[in-house]
Amino acid sequence: MPELPEVETTRRGIEPWVVGRRVAAITIRNRQLRWPVDLPHDLVGQRVRSVGRRGKYLLLEIDTGHLIVHLGMSGSLRIVGSDEPLETHDHIDCRFTSESHTQHAEGSHAQHAEGSESSNEILLRYNDPRRFGSWHFHEGDFATHWLLESLGVEPLGNEFSGQYLHRISRNRKVAIKNLIMDSKVVVGVGNIYAAEALFMAGIRPATAARRIPERTYDKLALTIRQVLADAVRQGGTTLRDFVGSDGQPGYFGQSLKVYGRADKPCLVCHTLLKGQVLGQRATVYCPNCQRSQGFQRV
DNA sequence: AGGTTCGCCTGCGGGC
DNA sequence: TGCCCGCAGGCGAACC
């Protein structure tokens with residue numbers, strides 16, 4: 001599920017609710033996620049300093065380190081009231097004390113009486129049907145965690161550019177779609193946004209990375225940034241089960257040009273879009289708009 | 001070392 | 001109605 005825009009949507013959603021609060025309790029109902037969940041007991045009482053993101057990993061910075069959360073394919077984190085009924089696959093709850101050093105946004109979803117200390121508690125609730133997600137605690141610098149230490153650059157950061165992609169693609173014959181989905185190269189680009197960015201750049205997904213000229217990589221770096229930033233603005237993409245921290249879906253789905261549209265007409269030129277499997281992942285492209293070298297008829 | 005495939009899970013839609 | 005199959009937003013491990 002969640003690619004960078006969905007994770008960022010979640011980050012922005014939970015940030016104002018948890019920053020400044022202290023962990024009151026962590027309830028783990030099912031430890032069997034991607035890796036067995038094993039959190040230290042001394043997290044209780046620690047204050048949340050910030051909520052960050054590295055690639056598709058959410059980083060809850062607390063006093064002694066970071067809670068590192070990955071949503072896998074089907075995970076979601078929601079802010080709910082402490083009386084919210086449990087649903088299937090609600091695997092982890094992180095309960096926070098009512099004290100807070102930050103002002104909440106208007107429109108609280110938690111059912112509570114204003115000013116009441118005890119009823120002001122909120123839960124950060126993790127639901128994950130497929131259990132491909134993960135929860136870890138890491139002391140100190142998050143970048144040294146084994147899951148994060150070899151991650152590539154942030155696509156919305158300064159290090160990411162056409163020049164960077166061009167340099168890293170030398171002598172690599174891997175399909176360009178697989179290259180931009182490789183988290184050691186650039187983080188956060190999953191199956192949906194890879195297909196969309198390649199369409200916007202006019203590049204055929206199966207093109208060998210080393211055959212693409214730098215000019216075309218300039219264009220690709222731009223469209224990757226564009227599609228991710230656009231999707232963040234719209235709260236991510238909801239195909240089936242993604243919901244933001246307020247339980248609402250994302251609206252970027254209606255902006256998708258190729259993903260999930262195999263055998264349908266291209267929205268630009270009306271040529272039938274072509275489906276293909278690349279690296280075990282379904283992809284879709286327009287045979288007319290997407291020519292290997294980025295040539296576009298426009 | 002780069003490239004490819006596997007496997008972890010549940011849920012859902014389509015075909016029969 | 002029900003069963004079986006294939007497929008789904010990720011990604012590290014284990015293969016060549």
Side-chain angles (χ1 to χ4, degrees), chain A residues 1-10 29-37 53-58 68-77 87-92 126-136 145-152 155 167-198 205-211 224 227-228 231-232 234-244 249-256 258-263 275-284:
Chain A
M1 85 93 350
E3 304 183 33
L4 185 147
E6 293 74 36
V7 178
E8 179 61 20
T9 296
T10 301
R29 297 186 193 80
N30 190 345
R31 310 187 164 269
Q32 306 310 308
L33 302 186
R34 174 97 199 252
W35 291 281
V37 180
R53 178 187 59 74
R54 175 75 173 99
K56 298 173 189 171
Y57 292 92
L58 279 163
I68 302 174
V69 179
H70 197 289
L71 302 178
M73 290 277 268
S74 59
S76 64
L77 275 175
E87 288 175 30
T88 313
H89 309 305
D90 281 342
H91 303 312
I92 298 178
Y126 179 76
N127 182 285
D128 187 0
R130 292 176 69 180
R131 288 188 274 124
F132 288 170
S134 64
W135 280 61
H136 289 89
H145 189 266
W146 66 278
L147 281 169
L148 280 67
E149 63 185 355
S150 51
L151 290 182
R167 176 162 49 79
I168 217 153
S169 65
R170 292 312 80 194
N171 300 319
R172 297 203 51 182
K173 54 183 179 185
V174 69
I176 182 57
K177 175 158 179 281
N178 296 339
L179 185 86
I180 62 176
M181 288 178 66
D182 183 347
S183 64
K184 290 182 177 60
V185 175
V186 56
V187 295
V189 184
N191 206 29
I192 297 178
Y193 300 113
E196 294 298 311
L198 288 167
T207 310
R210 61 182 177 187
R211 288 184 49 233
I224 288 174
V227 73
L228 294 177
V232 168
Q234 298 189 52
T237 299
T238 296
L239 295 182
R240 176 176 300 145
D241 49 16
F242 172 73
V243 290
Y251 294 99
F252 194 71
Q254 55 206 35
S255 304
L256 298 176
V258 288
Y259 182 85
R261 299 196 62 247
D263 303 319
Q276 181 182 25
V277 176
L278 235 40
Q280 323 259 128
R281 312 297 299 274
T283 195
V284 183

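Given the structure is predicted, the values throughout are model-derived calculations rather than measurements. Labels below follow one simple rule: chain letters A, B, ... track the order of the sequence lines, proteins then strands, and each chain is numbered from 1.
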Original post:
Under the criteria of a ring-centre distance below 5.5 Å and an interplanar angle below 30°, is A:F132 stacked with the base of C:dC11?
Top reply: no
When all nucleic acid strands are considered with a 4.0 Å heavy-atom cut-off, which category describes A:R34: base, sugar-phosphate, or nothing? base
Taken to the nearest whole Å, CG/A:L179 to P/B:dT4 is 12 Å
pair_partner(C:dC7), Watson-Crick or wobble, both distances < 3.5 Å, evaluates to B:dG11
Here the distance between atom C1' of C:dG12 and atom CG of A:L33, to the nearest Å, is 15 Å
Give a yes/no answer on whether the side chain of A:H70 brings an N or O atom under 4.0 Å of OP1 or OP2 in C:dG10.
no
- Task: Quick one: sort the A:Y126 and A:H91 rings into parallel, tilted or perpendicular, breaks at 30° and 60°.
- Result: tilted
In whole angstroms, the gap separating C1' of C:dC11 from CG of A:L71 amounts to 14 Å
Between CG of A:D182 and P of C:dC11 the distance, given in whole Å, is 10 Å
Taken to the nearest whole Å, CG/A:L278 to C1'/B:dT5 is 14 Å
Rounded to whole Å, the CH2-P distance (A:W146 to C:dC11) equals 12 Å
*Kindly indicate whether the side chain of A:R130 and the base of B:dC9 share any N or O donor-acceptor pair separated by less than 3.5 Å?*
yes
| query | Just to confirm, is there a sub-4.0 Å distance from OP1 or OP2 of C:dG10 to any side-chain nitrogen or oxygen of A:R281? | reply | yes
- Message: Taking the P atom in each of C:dC7 and B:dT5, what is the distance between them to the nearest angstrom?
- Response: 15 Å
note: A:L239, atom CG; C:dA8, atom P; distance rounded to Å ~ 11 Å
- Side chain to side chain, A:F252 and A:V227, heavy atoms closer than 4.5 Å: yes
* A:N127 (side chain) donor-acceptor with A:E87 (main chain) under 3.5 angstrom -> no
- Query: Should the ring pair A:W35 and A:H136 be called parallel, tilted or perpendicular, given that the plane angle runs from 0 to 90° and is split at 30 and 60?
  - Reply: tilted
If we take the P atom in both C:dG6 and B:dC6, what is their distance in whole Å? 14 Å
Self-check item: Phosphate OP1/OP2 of B:dG11: any A:H89 side-chain N/O under 4.0 Å
Solution: yes
- Message: Between A:K173 and B:dG3, is there a contact of a side-chain N or O with OP1 or OP2 at under 4.0 Å?
- Response: no
Minimal heavy-atom distance between A:L228 and A:G188, with the atoms involved, is CD2-O, 4.4 Å
Inset, instruction - May I ask you to say what A:Y259 touches in the nucleic acid, namely base, sugar-phosphate or nothing, with a heavy-atom cut-off under 4.0 Å? - result: sugar-phosphate
Exercise for review: Select base, sugar-phosphate, or nothing to describe what A:Y57 touches, counting heavy atoms under 4.0 Å on all strands.
Suggested key: sugar-phosphate
Taken to the nearest whole Å, CH2/A:W35 to P/B:dC9 is 13 Å
